[in-house]
Amino acid sequence: MDELTSLATANASTYTDDNVITLEGLEHVRLRPGMYIGKLGDGSSADDGIYVLLKEVVDNSIDEFRMKCGNTIEITIKERTVSVRDYGRGIPQGKLVDCVSIMNTGAKYDTKSFQKSVGLNGVGNKAVNALSSNFTAISYRDGMAKRADFKEGKLVKEYDLEPTTEKNGTFIQFTPDTSPNLFGNYNYRNDYIETMLRNYSYLNQGLVLNYNGQKIVSKNGLFDLLNEKCTGEILYPIVHLKGEDIEVAFTHSDQYGEEYYSFVNGQHTTQGGTHQTALKEHIARTIKDFYGKSFELQDIRGGIVATISINVIEPTFESQTKIKLGSTNMAPDHDKDGNAYPLSGISVNKYVGDFLKKELDNYLHKNPEMTEILLKKIQDTERERKAVANVTKQERERAKKVNMHNRKLRDCRIHFNDTRGDRQSESCIFITEGDSASGSITKSRDVNTQAVFSLRGKPLNCFGMNKGETFKNEEFNLLQAALNIENGLEDLRYNKVIVATDADDDGMHIRLLLMNFFLQFYPELVKAGHVYILQTPLFRVRDKKETCYCYTDEERINAINKLGARAEITRFKGLGEISPDEFKHFIGKDMRLDQVHLHKEDALASLLRFYMGENTQDRQSFIIQNLRIEQDTEEDLLENEAQ
């Protein structure tokens with residue numbers, strides 16, 4: 001009791017006025033960056049913070065375009081420094097410093113100035129400023145220029161107004177901070193940036209984006225987007241419907257699953273929201289009503305690839321980074337003057353539903369050839385669904401009880417589809433080969449966010465099979481149930497599905513078989529950016545003072561040069577050879593992952609047919625023609641002798 005009293009007294013004495021801290025300016029953004037931009041990252045993932053910073057600056061320029069002020073945006077990235085120049089109205093020069101450095105300052109609270117805006121309502125540029133080592137803002141208005149320079153969110157110099165010949169608009173330049181507690185050793189990836197900018201062009205016809213000298217522009221809006229995103233063979237021409245505040249495009253392909261791309265006020269809502277839910281419901285109901293048959297809605301949507309863009313006044317999102325729409329109505333009940341908007345009181349669901357019921361129904365009646373093709377697709381999907389339903393009850397029940405009875409799954413506590421908490425995006429599952437590898441990962445993982453699924457060996461080559469046949473395979477049945485993706489990605493349990501196999505021939509073969517499964521039956525999982533390959537070190541080079549883990553021969557040679565010829569060199573032949581104490585470094589915050597991408601030019605059907613089909617002679621010829629024989633170097637021989 002005396003110990004407890006002493007502890008309470010000590011705690012009370014250490015909690016004083018000195019412990020109460022007031023953060024000045026943008027210090028809170030630097031202290032808690034995740035609250036403003038999501039995760040930090042090093043640029044290897046499309047949702048890493050450096051891309052969010054770029055998006056926030058470009059969003060402001062897009063808002064100018066949407067207000068019919070300027071139709072060109074110039075984006076330049078040189079090494080790690082980003083420059084964005086628009087030709088809009090320019091930030092009001094008397095408020096330039098405030099607009100980029102004082103939180104909750106901006107014109108987007110005034111709906112008359114920015115109707116249906118995209119930006120973060122007084123947060124975006126400030127977050128970019130705070131998280132950059134250097135930040136410069138210049139406003140050009142009516143022949144005058146106003147400039148301000150910042151360092152780590154703090155004003156370094158404010159310049160006087162100067163005459164200029166530049167056209168009206170705003171110039172922002174920033175360099176994301178390389179501090180270890182922020183972005184560290186990051187790099188921009190052109191493919192991620194180009195995808196982001198192409199999305200802007202699809203949603204803003206007439207907008208010209210110049211990125212490092214490359215011109216990005218779209219003439220046909222969402223039609224162009226869908227034409228690019230369809231990786232399978234489309235069954236009928238893309239249906240493209242447009243209204244005043246809504247645009248929809250869709251088709252069906254020969255692939256499994258459902259694939260959606262949704263946008264609000266030009267913002268890509270990667271996790272959907274109320275508008276995407278309305279699209280899924282009403283596109284299927286309208287088609288069902290047209291045919292007058294008792295189709296299941298999931299059969300109508302099977303193989304669909306669809307996109308929707310709507311404009312909402314003062315939208316609300318379920319996170320600061322605006323990736324999921326939370327608005328239930330198209331507009332607030334009234335503006336700040338008490339006047340109703342034209343769409344006040346109309347729900348997002350009703351607005352989308354009424355539009356599709358009219359426009360899509362008209363289209364279906366006018367295009368009988370398309371409706372015949374669509375009817376056959378729905379009937380084919382229905383037959384296959386019923387075939388899957390006929391998989392034995394025992395196998396189906398085993399899959400449903402995966403969390404309790406799947407001996408292959410070591411689950412984690414936090415999942416991507418959890419409705420509470422803030423770590424859902426960290427959830428991942430490692431798919432490993434054999435008990436040895438899974439044992440090392442299981443012992444070293446974070447049990448809160450990292451699950452492990454152990455394969456028995458090489459999985460089934462399911463090329464050419466349908467879902468019904470594939471689900472009879474125990475491992476794939478349990479795997480899809482563990483991921484919870486049988487009926488789509490809405491309830492996906494893990495944000496990252498990580499294939500963790502050995503870096504030898506058998507490991508590569510297992511990767512290929514898993515990719516075959518995902519690409520054939522769940523291509524939307526890959527296209528949504530959820531599938532990764534884990535990179536683990538091939539070598540360990542160490543002396544008594546330092547240990548270097550090397551992922552390539554080049555890194556191994558550099559480590560030997562650094563530590564000297566007497567360093568101990570170990571070659572890891574499999575994941576099971578890496579101790580749990582070491583493995584924790586490879587699946588922690590510095591985990592190296594290669595994201596699996598799928599693009600239209602990949603020609604998925606022919607790709608799978610060649611590598612996984614029955615054309616063994618063609619593959620044999622390909623292997624012979626591309627065979628490489630690696631000879632041991634003198635250095636390798638010396639290394640082997642030393643071991």
Side-chain angles (χ1 to χ4, degrees), residues 256-257 384-385 387-412 415-416 427-442 445 450-489 491-526 530-534 536 574-576 587 596 608 611-613:
Y256 285 92
E384 182 150 359
R385 176 181 58 81
V388 172
N390 288 332
V391 175
T392 63
K393 182 177 179 181
Q394 181 180 359
E395 290 165 336
R396 300 286 292 173
E397 289 302 317
R398 186 189 300 122
K400 290 179 181 178
K401 297 177 181 178
V402 62
N403 290 332
M404 295 183 291
H405 300 294
N406 184 1
R407 63 186 180 279
K408 297 177 177 294
L409 178 67
R410 281 90 167 176
D411 208 357
C412 54
H415 298 98
F416 190 49
S427 64
C428 63
I429 183 169
F430 296 98
I431 304 175
T432 68
E433 51 173 312
D435 295 333
S436 178
S438 66
S440 295
I441 294 182
T442 300
R445 68 184 174 128
Q450 296 178 327
V452 181
F453 186 94
S454 176
L455 296 169
R456 186 172 54 220
K458 291 185 179 179
L460 174 73
N461 180 359
C462 58
F463 179 79
M465 297 182 177
N466 59 37
K467 274 189 176 182
E469 294 171 314
T470 304
F471 281 3
K472 291 178 182 178
N473 176 267
E474 179 186 17
E475 287 197 307
F476 281 150
N477 195 7
L478 294 174
L479 176 58
Q480 64 83 18
L483 300 178
N484 201 27
I485 56 176
E486 182 178 349
N487 295 317
L489 301 187
D491 292 313
L492 175 66
R493 300 180 74 237
Y494 310 98
N495 185 31
K496 293 181 178 177
V497 180
I498 303 171
V499 178
T501 61
D502 294 340
D504 57 12
D505 291 342
D506 284 339
M508 296 296 179
H509 191 197
I510 292 172
R511 286 186 192 179
L512 186 59
L513 291 166
L514 286 169
M515 288 301 102
N516 179 41
F517 171 70
F518 288 132
L519 290 172
Q520 185 170 348
F521 297 113
Y522 303 102
E524 70 273 25
L525 186 71
V526 177
H530 292 294
V531 181
Y532 296 80
I533 303 295
L534 175 68
T536 53
L575 301 184
I587 60 173
V596 180
L608 291 179
Y611 286 106
M612 309 307 296

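Model, not experiment: these values are computed from the prediction.
Counting heavy atoms from C-beta outward, Tyr522 and Leu483 have side chains that stay 4.5 Å or more apart. At a threshold of 4.5 Å between non-hydrogen side-chain atoms, the residues Thr470 and Gln480 do not count as touching. Between Cys428 and Gln450 there is a side-chain heavy-atom pair separated by less than 4.5 Å. You'll find the side chain of Leu492 reaches within 4.5 Å of the side chain of Leu525, heavy atoms only. Within the 4.5 Å cutoff, side-chain heavy atoms of Cys462 are placed close to those of Phe476. At a threshold of 4.5 Å between non-hydrogen side-chain atoms, the residues Asn516 and Leu512 do not count as touching. For the pair Leu409/Ile429, a side-chain contact is recorded, criterion being any heavy-atom separation below 4.5 Å from C-beta on. Two residues are said to be in side-chain contact when any heavy atoms from C-beta on lie closer than 4.5 Å; Glu524 and Ile485 fail this criterion.
Within the structure, the salt bridge (Lys or Arg N to Asp or Glu O under 4.0 Å) test picks out the following pairs touching residues 457-466 (sequence neighbours left out): Lys458-Asp506.
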Give the C-alpha distance, both sets of side-chain angles, the deciding distance and a yes or no for side-chain contact (heavy atoms from CB on, under 4.5 Å) between Val596 and Phe518. CA-CA 11 Å; Val596 180; Phe518 288 132; over 6 Å; no

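A donor-acceptor contact closer than 3.5 angstrom is absent between the side chains of Tyr256 and Asn466.
A donor-acceptor pair under 3.5 Å is absent between the side-chain atoms of Arg410 and the main chain of Thr442, judged by distance alone. In this structure a side-chain-to-backbone donor-acceptor pair under 3.5 Å is present from Ser427 to Phe416. Listed for the Glu475 side chain is no donor-acceptor partner under 3.5 Å among the backbone atoms of Leu460. Remark: side-chain polar atoms of Asp491 are not paired, donor with acceptor, to backbone N or O of Asn484 under 3.5 angstrom.
Of the inter-residue distances, the one linking Ile441 atom CD1 with Leu534 atom CG reads 6.5 Å to the nearest 0.5 angstrom. A distance of 7.0 Å separates CG in Leu514 from CG in Leu479, rounded to the nearest 0.5 Å. Distance check: Ile498 CD1 to Ile431 CD1 gives 9.5 Å after rounding to the nearest 0.5 Å.
When the side chain to side chain donor-acceptor pair (under 3.5 Å) test is applied to Asn495, the partners found at least two apart in sequence or on another chain are His530.
Closest non-hydrogen pair, Val531 versus Met515, comes out as CG1-CE, 3.6 Å. Of all non-hydrogen atoms in Met465 and Phe521, the two that sit nearest each other are O-CZ, 3.4 Å. Looking at every heavy atom in both residues, Asp502 comes nearest to Arg511 through O-NH2, 4.5 Å.
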